[in-house]
Amino acid sequence: MTSHPLLEQLNDKQCAAVGAPERHMLVLAGAGSGKTRVLVHRIAWLMQELHLSPYSIMAVTFTNKAAAEMRGRVEDLVGSSTRAMWIGTFHGLAHRLLRAHYMDVGLPQNFQILDSDDQQRMLKRIMRSLNLDEKRWSPKQAQWFINAKKDEGLRPHHLDGYDFNERTYKEIYDAYQVACDRAGLVDFAELLLRAHELLRDNRIVREHYQRRFRHLLVDEFQDTNSIQYAWIKLLSGAGEEKKEHQNFVTIVGDDDQSIYGWRGAKIENIHQFNRDFPNVETIRLEQNYRSTNTILSAANSVIANNSDRLGKELWTEGSTGDPIDLYAAYNEIDEARYISSQIEAWHEQGNALQDVALLYRSNAQSRVLEEALLHARIPYRIYGGLRFFDRQEVKDALAYLRLLANRDDDAALERVINTPTRGIGARTLDIVREGARQRGTSLWLAAKQLATEKVLTGRAANAVLAFVDLIEQLEDETGDYSLGRQVDTVIKSSGLMAMYQAEKGEKAETRVENLKELVNACDNFDQLDRPGEEEELSPLNGFLAHAALESGDEQADEHQDAVQLMTLHSAKGLEFPLVFMCGVEEGLFPSQQSLDEAGRLAEERRLCYVGMTRAMQKLVISYAENRRVYGQEKLHTASRFIAEIPSENLHHVRMQSRRSFSTDTPSYGRFHTGASHEAFEETGFQLGQRVRHVKFGEGTVLNYEGSGPQSRIQVNFDDLGSKWLVVAYARLERC
DNA sequence: AGGATATAGATTTTT
DNA sequence: TCTATATCCT
């Protein structure tokens, strides 16, 4: 292949993928192998070399962030607009399809999207109305059930309902769907399912898109669920007879980084792809441009313990690098302190804090880490908190807007009919709900009718009518306002702003700020600036869709130099020079629950692989031998994943560095107040160490008091439980 | 309507 | 142990 500007600075494998002739392709892209680069260059190649119009290309991702990055990089590369290209998330593109064909799928033009919080509230109401035993059936489980079925492409009538549980869930699913349909509401799973049904059942629509999209590219393919895969298959026309058009699908993914099986991702889709699509060329990207050799060989060794892999081994031309530090902490506080001391050392050597990531298995672990960072005055940022459009006050405001856009939106009405309180209590609402149920109408209409027909009387009727008036008047008044001004008026006239202003405390102040920020966001919301949104959609509906589908990840002050804290899951796709993997203990990572179910352990191991391969220069793994879990002190052992790392790649950190324990705040921490750690270590024992007693047998050092030979030491004996002993007399042996 | 008290439940997350 | 929510009071 002769050199081409698009192929410069790519390795052979990358070139093969970018410059391939038109065909189905499976790109197995290992961590840090330049996956996005390949995708972006491939799209540019299709346009520049194969002279394809951007109109005929669709690229699908899972997150908005990935979609935005891809579009930006393609535009930089080709230097022209990619507006006609469909680049987006599965949900975003499905939404687009439904908007364009709302009549074909039986939705009102102004249908709205329910996020998972809305969905849960909706289910709660429905389950109440079905008079289900609330002890036995929870909205959470019902939500899980329904979404799982939708992800499998199943409607209530597909369920046989043989067992009692399923029969009840089926009933809930049914009632929920009826309620959503009546209110013009679509949940996330429904977006995908409805779009799938549209393509499946409507030949004209399907063929239109098949003709249009000659090339389909799917990122993070290992995370696709059944309905997403079915979607791709339909769009590509795979397996269909007599086609006058030929479509090509490129999937990019890494089976070793599939960590979302628990929410329906089907790793098997990668295998299935080879069966469903003819003449697939598989290209492996195994050269890693991120990590040191040490980190890669450790990660390779760990993942090698999984079976059924497509097979891939990362390598690098880079240096060996430092060994992986392994710190066996006495407890979680010790672990956090060790980490913060290491970060201080890193920072003092002139390195940036934002280059450091602390990764943990579960969110609950962040608290202790935060305390230690706070104490050491190290700034930090936690990834994946509550997002802007998910905040209570913002959702309240949006619910008013939704009601303006669509009076039938029962979920929105329920949320704000008495927020702020306007004398419409539970009793009145019950009557309205019942009325709506009997008449088969929306809550809005029922409320209005019941109040006018004097079914509701006195104060209740007046309150309901006042609410009805408020909404109708708001629509009249703000109908031709700019979006920002409209929202501003709604927030003020509804009394929302006043309600939050009346509350006191820091929390209330932020809420007021957030409401103002929402007005700001509306002012800055420019639909014309949004590629792929050229279909007619009112500014209000455009903004509501934006809020539901892109709930706004980036928080403020992200430019401050700060350590990043996040779960292993949210670290996927990111990289950091220095990475700490914390709490690498049996029962925590792999998690206890994953040990019970087949296949889950392998996913935990992939998660470990993902975590390790985030590190560029240095990886530090730590675990605590004692950890408080739900208030209970528990003994933990090192995770099996640690034993899967070759010992030549590991460096066992034996002792605390001196400075890490020079803390002068005695109240900090639960243990060893008074004596210093160093003084204790003079006794020859360490916290967490295994010891043997002539009579009591073997045990682990838990705690100590005092220093020198007179110090007392607490040992948790394997057979007898914990005992306090005086070091000088106990004649303990190390073992 | 709001404040105090009981009780369950507690991986992982994007859209 | 901590938290979110449900229920019970006033």
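Lettering follows sequence order; numbering is per chain, from 1.
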Note to self: At less than 3.5 Å, do the side-chain atoms of Arg628(A) and the base atoms of dT1(C) form a donor-acceptor pair?
What the structure shows: no

Margin query: Check the phosphate of dT14(B) against Thr63(A), side-chain N and O only, distance under 4.0 Å to OP1 or OP2. Yes or no?
Written below: no

Next item on the list: Please figure out whether Lys140(A) or Ala189(A) has its closest DNA chain B nucleotide nearer the 5' end.
Entry: Lys140(A)

Note to self: Base, sugar-phosphate or nothing for Tyr260(A)? Non-hydrogen atoms, less than 4.0 Å.
What the structure shows: sugar-phosphate

Note to self: Taking atom CZ as the centre, does Arg309(A) end up with more than 12 heavy-atom neighbours from other residues, nucleotides or ligands that are less than 6.0 angstrom away?
What the structure shows: yes

Item checked: Given DNA chain B, 5'-ward residue of the pair Arg361(A) and Ala548(A), judged by closest heavy atom -> Arg361(A)

Margin query: Measuring to OP1 and OP2 of dT11(B), would you say a side-chain N or O of Arg263(A) lies under 4.0 angstrom away?
Written below: no

Next item on the list: Scan Thr567(A) against the nucleic acid and name what it touches under 4.0 Å (heavy atoms): base, sugar-phosphate only, or nothing.
Entry: sugar-phosphate

Next item on the list: Round to a whole Å and report the spacing from CD1 of Ile113(A) to C1' of dT15(B).
Entry: 9 Å

Checklist line | Lys NZ or Arg CZ of Arg606(A) over Tyr609(A) ring: under 6.0 Å, within 45° | finding: no

Margin query: For a quick check, tell me whether the side chain of Ser116(A) and the base of dT15(B) share a donor-acceptor pair closer than 3.5 Å.
Written below: yes

Notebook entry, point to check: Which listed nucleotide (dT5(C), dT11(B), dT15(B)) is nearest to the side chain of Leu549(A)?
Noted result: dT15(B)

Check: If you look at every strand shown and take non-hydrogen atoms under 4.0 Å, does Arg600(A) touch a base, only sugar-phosphate, or nothing?
Finding: base

Check: How is Glu604(A) classified with respect to the nucleic acid when contacts are heavy atoms under 4.0 Å: base, sugar-phosphate, or nothing?
Finding: base

Margin query: Check the phosphate of dT12(B) against Asn363(A), side-chain N and O only, distance under 4.0 Å to OP1 or OP2. Yes or no?
Written below: yes

Next item on the list: Scan Tyr630(A) against the nucleic acid and name what it touches under 4.0 Å (heavy atoms): base, sugar-phosphate only, or nothing.
Entry: base

Margin query: Can you see if the side chain of Lys135(A) gets near the phosphate of dA6(C) - specifically, an N or O under 4.0 Å from OP1 or OP2?
Written below: no

